Structures are given as structure tokens and as C-alpha cells.
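Report on the structure given below.
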Amino acid sequence: MAGVRAILVVLLAAATAIGAFANDPDMLQDVCVADRTSGILMNGFSCKNMTMITPEDFFFAGISQPGQITNNILGSKVTGANVQDIPGLNTLGVSMARVDFAPYGLNPPHIHPRATEIIFVLQGELYVAFITTNNKLISKVVKTGEVFVFPRGLAHYQKNLSKYPTSVIAAFNSQLPGAQQFAAALFTSNPSVPNHVLAQTFNINEHKVEMIRDGLTPK
Ligand code: GLV
Ligand code: MN
């Protein structure tokens, strides 16, 4: 009996530890600048030779200006500043993005599988929200200089309710947070999710599924 209890305690401790460290793994050296030329596949990227690292490995100017908004239906543009843009972020567990919104633009419902997100409103006013796993909507209007948090893995969106452009800087506790938009994942995946699955999921007929798919497919 004591043996079983000991095993349970060990399992519980292991589960707690896994939960506590369920973010990017910690670094084991000062820096590990991503070596994109390496053919070695691993969790994260292998390290560039220390003698070869430069200030440019830790620099990115790509979010200093508004991103080009080319999707007129959504009216928003996310510009990442993660390990794919800044090799020095490899193993550091953080990254950023900039999101620009046209008037009434929407950053549609999505999740980040590997990060909590915190946004700082650079200019304008945004209606923001996330949804808990109990389907409770937590929403707010946030203004210039204000901050809002989207917990890791929860569905969230941001919409500009005004006729003025708006932009935010987002920070993430992952070098590569990942993003999955629900509409795109369900209706534009390759290969496609079968129409009958989507029709049954949304309680609509397959013709409507085709209409939605058509509306979301880039022309
Ligand atoms: C905003 O939600 C973003 O993911 O950049
Ligand atoms: Mn997000």
C-alpha cells in the first residue's frame, strides 16, 4: 500500500513538473543563435558557432513600420518578430509581433499553441476578447497605451471598431508561438476537411460549406 502511495506521489510530482515547465525549454548557455544552414533537425534550432555571431543576429527592424494590409476582407496584418526573423531568439523563450488594423479590421479568432500573448496598444482603440474552455467570453475595449493578456492556447480575436487605423505590439513567452486561425484551419486545410464533417459540425448543409470554403480561399 505504501509502495502504491509512493508511486502515486511520484506520478503526481512528475505531472506537476510537466505542467510547470510546459513552455519553451530553458537555455543551457548564454546564447544559441539559430543556425539556419544546419541540416540537423531538433526541438528549436542548432547553435551557430559562437565566433560567428554578430549584432545583426539579435536585431530586427521589421516591426518599426505598419505592416502592409493586403487582406481587404479581414483588414489586418500580423508581422512576426520571432526566431524566424531574429536568430538570436533561439532558446530564449520570447518573441514579439506587430498587428496593424485598417478601420474596422479584424484579427480573426485564433490560438497560439505555445504561448501566452500580451498586447500593448500603440495607437487607437480595439475590441479584444478570449474564450475560456467553459465558453466564457472575456472581452474589453482597450485604448492607446493599455495592455491586455490572452492566455496560452485560448481562442482570441481583436477588432478595430473605429474608422481610424489601429496598431498593437504583441509579446509572447515563446520564441515561436505558432498561430492557428479557426476558419482557415477548418475550411482551407490541405487536404480539405470533408464537407460532411463541417456540415455536421456547424449544422449546415454541404452547399453552405462550399460557399464558406469558396469565400475563404485566396483567389
Ligand atoms: C494577435 O493576437 C497576434 O497573435 O499577433
Ligand atoms: Mn494572438
Side-chain angles (χ1 to χ4, degrees), residues 22-24 34 44-45 58-189 216 218:
N23 53 2
D24 283 11
F45 300 91
F58 300 87
F59 173 78
F60 184 58
I63 58 171
S64 61
Q65 301 296 325
Q68 199 67 33
I69 299 170
T70 50
N71 186 326
N72 294 330
I73 301 172
L74 292 177
S76 72
K77 171 74 181 169
V78 179
T79 310
N82 56 52
V83 71
Q84 281 166 337
D85 315 288
I86 311 172
L89 280 181
N90 191 38
T91 74
L92 299 187
V94 294
S95 61
M96 297 176 86
R98 171 182 179 132
V99 194
D100 294 286
F101 299 83
Y104 309 106
L106 171 71
N107 187 13
H110 63 279
I111 60 160
H112 303 290
R114 295 181 289 277
T116 288
E117 171 178 353
I118 180 165
I119 57 161
F120 174 86
V121 183
L122 281 179
Q123 59 159 341
E125 205 170 286
L126 273 184
Y127 158 55
V128 301
F130 68 84
I131 305 161
T132 70
T133 55
N134 293 328
N135 290 339
K136 183 174 172 65
L137 182 80
I138 308 287
S139 71
K140 191 157 176 71
V141 172
V142 288
K143 304 188 186 67
T144 306
E146 295 179 345
V147 157
F148 195 81
V149 174
F150 306 94
R152 185 173 75 169
L154 295 188
H156 63 282
Y157 57 84
Q158 300 118 7
K159 183 168 166 85
N160 181 1
L161 295 180
S162 80
K163 58 182 176 186
Y164 304 105
T166 296
S167 49
V168 305
I169 293 292
F172 303 91
N173 64 336
S174 168
Q175 65 177 29
L176 194 61
Q180 186 166 49
Q181 287 183 4
F182 295 101
L186 290 174
F187 289 92
T188 69
S189 70
L216 290 173

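Just so you know, ligand 1 is whichever comes first in the structure, and atom 1 is the first atom listed for that ligand. We use all heavy atoms of the structure for the numbers below, so side chains are in, but hydrogens, waters and symmetry mates are not. Keep in mind it's a predicted model, so treat the numbers as computed, not measured.
Between Y127 and Y157, the two ring planes are perpendicular [angle over 60°; tilted spans 30° to 60°]. Note on ring orientation: taking the six-membered ring where Trp is involved, the planes of H156 and H112 are tilted (angle from 30° to 60°).
The protein atom (non-hydrogen) at minimum distance from atom 1 (C) of ligand 1 is E117 OE2, 2.7 Å. The nearest protein atom to atom 5 (O) of ligand 1, hydrogens excluded, is given as V99 CG2, 3.3 Å; this is a heavy-atom distance.
Across every non-hydrogen atom of V128 and Q158, the tightest pair is CG1-CG, 3.7 Å. Between L176 and S95, the closest heavy-atom pair is N-OG, 4.5 Å.
When atom types are taken as modelled, the side chain of R114 and the backbone of S174 share no donor-acceptor pair closer than 3.5 angstrom.
Ligand 1 lies out of reach of R98, whose nearest heavy atom is not under 4.0 Å from it.
Within ligand 1, the atoms closer than 4.0 Å to a non-hydrogen atom of H112 are 3 (C), 4 (O), numbered from 1 in the order shown. Of all atoms in ligand 1, listed by their number and element, those nearer than 4.0 Å to a heavy atom of V78 are 5 (O). Short contacts between ligand 1 and Q158, defined as distances under 4.0 Å to a heavy atom of the residue, involve ligand atoms 1 (C), 2 (O). Each of the atoms 2 (O) of ligand 1 lies under 4.0 Å from some heavy atom of H156.
For L137, the CG atom sits in a packed shell: over 12 heavy atoms of surrounding residues, nucleotides or ligands are nearer than 6.0 Å.
Closest to the Mn ion (ligand 2) among the N, O or S atoms of E117 is OE1.
Looking at N107 against ligand 1, only its side chain comes within 4.0 Å, counting heavy atoms.
Counting heavy atoms from C-beta outward, F130 and V149 have side chains that stay 4.5 Å or more apart.
Rounding to 10 degrees gives 100° for the angle at the Mn ion (ligand 2) between NE2 of H110 and NE2 of H112.
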